[in-house]
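Let me begin by presenting the structure, written as structure tokens, before commenting on it.
Residue numbers count from 1 along this sequence.
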Amino acid sequence: MEIKLKNGIDRLEFGMTPKYVEALYGKPNKTFTDDENNTIYVYNKERMKLTFYIEEDMKLGYITTTHPEIKLFGTTIINKAWDLVNGDLALNKITKFEKDSEEGIDIYFNEDNWLFFHVDYDEVVEVEIGAIINDKDEFEWKFRG
């Protein structure tokens, strides 16, 4: 499974509706709603949580994963030292990060790619990627189905 910056992960593209996602991955193992009434699909095997935005006609806008085989630029990143991942990112011209910490976990955010890395014990433990919001404050949906 490959992260495709600004587009999605694997066969998932930002802007897909639940119908298209279920055609690719089947029914989710679990669903729930967040504080903003968005629907979250949980896929255990893929170790992904997919957020469909209620205010955007239930389009896929956010993906969180802890899958050990998730790749970025052809290299796995989960359970890999942050210094190594950060080095790979720098080689691919991704160098600007805002850093935050929550309960001992460092969170690195790159706004240009709407990309988050959760780092615990100096290793990447989770990755989040979101749909890009343009200068007009609108989502740039990639899926055209």
**Prompt:** Do Tyr62 and Phe52 have ring centroids that are under 6.0 Å from one another?
**Reply:** no

**Item:** Parallel, tilted or perpendicular, as decided by the 30° and 60° cut-offs, for the rings of Tyr25 and Tyr43
**Value:** tilted

**Message:** If I take atom CG from residue Leu50 and atom CD1 from residue Ile40, how far apart are they, to the nearest 0.5 angstrom?
**Reply:** 8.5 Å

**Cluster link Ile63 to Phe32, ILVMFWY, side chain under 4.5 Å** = no

**Message:** Main chain of Leu115, side chain of Asn113: is a donor-acceptor contact present, judged purely on distance under 3.5 Å?
**Reply:** no

**Asked** Quick one: does Phe143's side chain get under 4.5 Å of Val21's, heavy atoms only?
**Response** no

**Heavy-atom closest contact (Ala131 atom, Phe139 atom, distance)** = CB-CD2, 3.7 Å

**Message:** Please identify which of these residues, Ile9, Leu12, Leu72, meets the side chain to side chain contact (heavy atoms under 4.5 Å, CB included) condition with Ile129.
**Reply:** Ile9

**Message:** Tell me whether the count of non-hydrogen atoms from other residues, nucleotides or ligands lying under 6.0 Å of CD in Glu140 goes above 12.
**Reply:** yes

**Asked** Below 4.5 Å, heavy atoms only, C-beta onward: do Asp57 and Thr17 meet side chain to side chain?
**Response** no

**Request:** Dump the intermediate steps for side-chain contact (heavy atoms from CB on, under 4.5 Å) on Trp141 and Glu56, then the final yes or no.
**Result:** CA-CA 10 Å; Trp141 300 119; Glu56 295 291 332; 3.7 Å; yes

**Request:** Flag yes if more than 12 heavy atoms outside Asn44 fall under 6.0 Å of its CG atom; otherwise flag no.
**Result:** yes

**Prompt:** So if you build clusters from Ile, Leu, Val, Met, Phe, Trp, Tyr with side-chain heavy-atom gaps below 4.5 Å, do Ile77 and Leu84 land together?
**Reply:** no

**Message:** Heavy-atom count check: over 12 atoms from other residues, nucleotides or ligands less than 6.0 Å from Lys59 NZ?
**Reply:** yes

**Request:** Find out if a path of hydrophobic residues (ILVMFWY) with successive side-chain heavy-atom gaps under 4.5 Å connects Leu5 to Ile132.
**Result:** yes

**Request:** Flag yes if Val85 and Met1 sit in one hydrophobic cluster, no otherwise; membership is Ile, Leu, Val, Met, Phe, Trp, Tyr, and two members link when side-chain heavy atoms are under 4.5 Å apart.
**Result:** yes

**Request:** Kindly indicate whether the side chain of Thr31, heavy atoms from C-beta on, has any atom under 4.5 Å from the side chain of Val42.
**Result:** no

**Asked** With side chains defined as the heavy atoms from C-beta onward, is the minimum distance between Thr65 and His67 less than 4.5 Å?
**Response** yes

**Request:** Any chance you could measure Trp82, atom CH2, to Asp120, atom CG, to the nearest 0.5 Å?
**Result:** 14.0 Å

**Prompt:** Between atom OH of Tyr121 and atom CD1 of Ile105, what is the distance when rounded to the nearest 0.5 Å?
**Reply:** 8.5 Å

**Message:** Is it true that His118 and Glu102 share a donor-acceptor pair across their side chains at a distance under 3.5 Å?
**Reply:** no

**Message:** Same cluster or not: Met58 versus Ile133, using hydrophobic residues (I, L, V, M, F, W, Y) connected whenever any side-chain heavy atoms lie under 4.5 Å apart?
**Reply:** yes

**Asked** Would you find a donor on one side and an acceptor on the other, under 3.5 Å apart, between the side chain of Asp106 and the backbone of Val119?
**Response** no

**Message:** I need the Met16 CE to Leu60 CG distance, nearest 0.5 Å.
**Reply:** 8.0 Å

**Item:** Gap between atom CG of Asp10 and atom CD of Glu46 - 0.5 Å precision
**Value:** 8.5 Å

**Prompt:** Near Glu138 CD, under 6.0 Å, is it more than 12 heavy atoms from other residues, nucleotides or ligands?
**Reply:** yes

Would you tabulate the side-chain donor-acceptor contacts of residues 90-99 under 3.5 Å, counting partners in other chains and residues two or more places apart, or write 'none'?
{"from": "Asn92", "atom 1": "ND2", "to": "Asp88", "atom 2": "O", "distance (Å)": "2.9"}

**Asked** Would a distance-only check, ignoring hydrogens and angles, find a side-chain to backbone donor-acceptor pair under 3.5 Å from Glu2 to Phe73?
**Response** yes

**Asked** Thinking salt bridges, do Lys142 and Glu13 make one under a 4.0 Å N-O criterion?
**Response** no

**Request:** Go through the steps to decide whether Leu89 and Phe117 satisfy the test side-chain contact (heavy atoms from CB on, under 4.5 Å), and finish with yes or no.
**Result:** CA-CA 11 Å; Leu89 290 163; Phe117 295 93; 3.7 Å; yes

**Request:** Kindly state whether the ring of Phe116 and the ring of Phe109 have centres lying under 6.0 angstrom apart.
**Result:** yes

**Prompt:** OG1/Thr64 to CD/Glu128 distance, rounded to the nearest 0.5 angstrom?
**Reply:** 4.0 Å

**Message:** Walk me through whether Ile70 and Ile3 qualify under side-chain contact (heavy atoms from CB on, under 4.5 Å).
**Reply:** CA-CA 7 Å; Ile70 195 75; Ile3 294 172; 3.7 Å; yes

**Message:** Checking side-chain polar atoms at under 3.5 Å, does Thr66 have a donor or acceptor matched by the opposite partner on Arg47?
**Reply:** yes

**Message:** Checking Asp83 against Asn86: is there a side-chain donor and acceptor pair closer than 3.5 Å?
**Reply:** no

